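For clarity, every value in this text was computed on a predicted model and none was experimentally measured.
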Amino acid sequence: MLAKSATPNPSTVLGRQLGDELRRLREAAGLTTAQAAEALDCTKGKISRIENGRVAVRLPDLTAMLHAYEVTDSELPGRLSALARKANRRRRQGWWNQYGAVLADTYRDYIALEAMAGEIRTFQAQLVPGLLQTPDYVRAVTVASRQWQTADEIEKFVQVRLARQERLTGDTPLHLWAVLSEAVLLQRVGGPKVMHAQLEHLLTASEQPNVTVQVLPFSRGAHASMFGPYVVLGFPEEAALDVVLADNPTGSIWLEREAEVARYQDLFDAARTSALSPMESRAVIRRRAKEHRA
């Protein structure tokens, strides 16, 4: 049985403590996040994620930040380095890391961020979002991908995906807003029986107060999100920047620059505006579920 993923990884407590201290040092130096990013030759988004405890802080980056902030306290570098090492060690102990053999680095990073996110907005062109997939649907997708060869590898990947779904329950559930192309409802992943059960599960999930599902029908014609699926992760910390994971023919890429993220936010807003309402979407999903059962 996997550890529950509904609560953020303990590393976030230490990571946020370190991030808070680095934010105070930056502000004391009179630097904006943009100026700090320029000094470190990185993106503003990376500075934001470090300060919000969402990513591991490499010791070279920590040293560069302390230098840029002109820290004169001789004891502070040693204390913050020790805190960074401890936070990074605990971050590596996240439940998903025990499945490193079947998870790509990008996917592990995604799960870690998902564990800390407060909201996810996603457009899916072909597949039901992982957080809403049934075990048989996950299994069928995993087999079809041909990335995992043995039955043991496939089952481990299925377990990981099901463990992720615990983020939708608990005291502080994740808010999920999914816009699905109508193609998602028609693709017979795993056959009609599996697909019928999947769409019934999608209907049930869409009734949860923290889950919104909309269908973008073929009748809407061409739209800006046709190029492929993407996920926009939002975080509860004040002033935290959104992060985007986008798929392309060569794999998945992270986007964190404000202009890039804003582009995907606009894409999602356009998709949800063009899509059917949640109530209309449930009617379409229900009809498609009956067709798969026939």
Side-chain angles (χ1 to χ4, degrees), residues 5-6 110-111 113-115 117-141 158 161-170 172-190 192-221 223-234 242-247 264-293:
S5 57
Y110 177 81
I111 296 174
L113 285 178
E114 184 180 77
E119 177 188 33
I120 284 181
R121 289 160 287 168
T122 182
F123 172 79
Q124 294 294 322
Q126 199 84 32
L127 294 171
V128 172
L131 289 171
L132 301 176
Q133 294 176 0
T134 65
D136 285 338
Y137 187 97
V138 178
R139 197 168 288 110
V141 170
V158 172
R161 182 143 294 183
L162 296 180
R164 283 177 49 208
Q165 296 179 5
E166 295 178 13
R167 280 295 284 117
L168 295 176
T169 60
T172 56
L174 177 74
H175 288 265
L176 173 65
W177 194 334
V179 176
L180 314 179
S181 166
E182 190 174 2
V184 173
L185 312 182
L186 297 175
Q187 189 76 33
R188 285 200 166 183
V189 175
K193 183 177 179 180
V194 170
M195 202 62 203
H196 172 74
Q198 173 62 74
L199 295 187
E200 288 291 338
H201 176 71
L202 193 59
L203 281 171
T204 301
S206 69
E207 295 173 353
Q208 298 180 39
N210 59 310
V211 176
T212 301
V213 176
Q214 291 181 263
V215 174
L216 186 53
F218 293 140
S219 60
R220 294 292 196 260
H223 57 88
S225 292
M226 292 176 65
F227 61 88
Y230 53 87
V231 181
V232 182
L233 297 102
D242 288 356
V243 178
V244 172
L245 182 67
D247 289 342
Y264 279 88
Q265 291 169 333
D266 290 343
L267 285 176
F268 183 80
D269 285 341
R272 69 177 178 82
T273 301
S274 298
L276 300 173
S277 71
M279 182 175 295
E280 292 171 325
S281 296
R282 280 194 287 272
V284 171
I285 295 170
R286 190 174 293 109
R287 184 173 71 250
R288 294 302 188 189
K290 290 179 181 179
E291 292 173 357
H292 285 296
R293 184 179 57 186

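Note that CD of Gln214 is 8.0 Å distant from CG of Leu276, once rounded to the nearest 0.5 Å. To the nearest 0.5 Å, atoms CD (Glu114) and CZ (Arg164) are separated by 4.0 Å. Interatomic distance, Glu207 CD to Thr212 OG1, rounded to the nearest 0.5 Å: 12.5 Å. Between the CE atom in Met195 and the OH atom in Tyr137 there is a gap of 5.0 Å [rounded to 0.5 Å]. For the atom pair CD1 (Ile120) and CG (Leu174), the distance works out to 4.5 Å, reported to the nearest 0.5 Å. To the nearest 0.5 angstrom, Thr273 atom OG1 is 13.0 Å from His223 atom NE2.
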Audit row: Leu267, Val232, side-chain contact (heavy atoms from CB on, under 4.5 Å) steps and yes/no: CA-CA 10 Å; Leu267 285 176; Val232 182; over 6 Å; no
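The backbone N or O of Thr134 sits less than 3.5 Å from a side-chain atom of Gln198, completing a donor-acceptor pair. The backbone N or O of Leu185 lies less than 3.5 Å from a partner atom in the side chain of His292, making a donor-acceptor pair.
The two residues Leu216 and Ala271 have their closest heavy-atom pair at CD1-O, 4.2 Å. Between Leu180 and Val213, the shortest heavy-atom contact is CD1-CG1, 4.0 Å. Contact detail for Gln165 and Gln133: the closest heavy-atom pair is NE2-O, 2.7 Å. The two residues Leu132 and Leu168 have their closest heavy-atom pair at CD2-CD1, 3.9 Å. Taking both residues in full, the closest heavy atoms of Leu199 and Ile285 are given as O-CG2, 3.6 Å, listed atom of the first, atom of the second, then distance. The two residues Arg161 and Gly130 have their closest heavy-atom pair at CG-O, 3.7 Å.
Using a 4.0 Å cut-off between a side-chain N of Lys or Arg and a carboxylate O of Asp or Glu, Asp242 and Arg121 qualify as a salt bridge.
If you check the side chains of Thr122 and Gln124, you find a donor sitting under 3.5 Å from an acceptor.
Side-chain contact check for Glu182 versus Arg288: some heavy-atom pair is nearer than 4.5 Å. Looking at heavy atoms from C-beta onward, Phe268 lies in side-chain contact with Tyr230 at the 4.5 angstrom threshold. Val128 is not listed as a side-chain neighbour of Val189, based on a closest heavy-atom distance of 4.5 Å or more.
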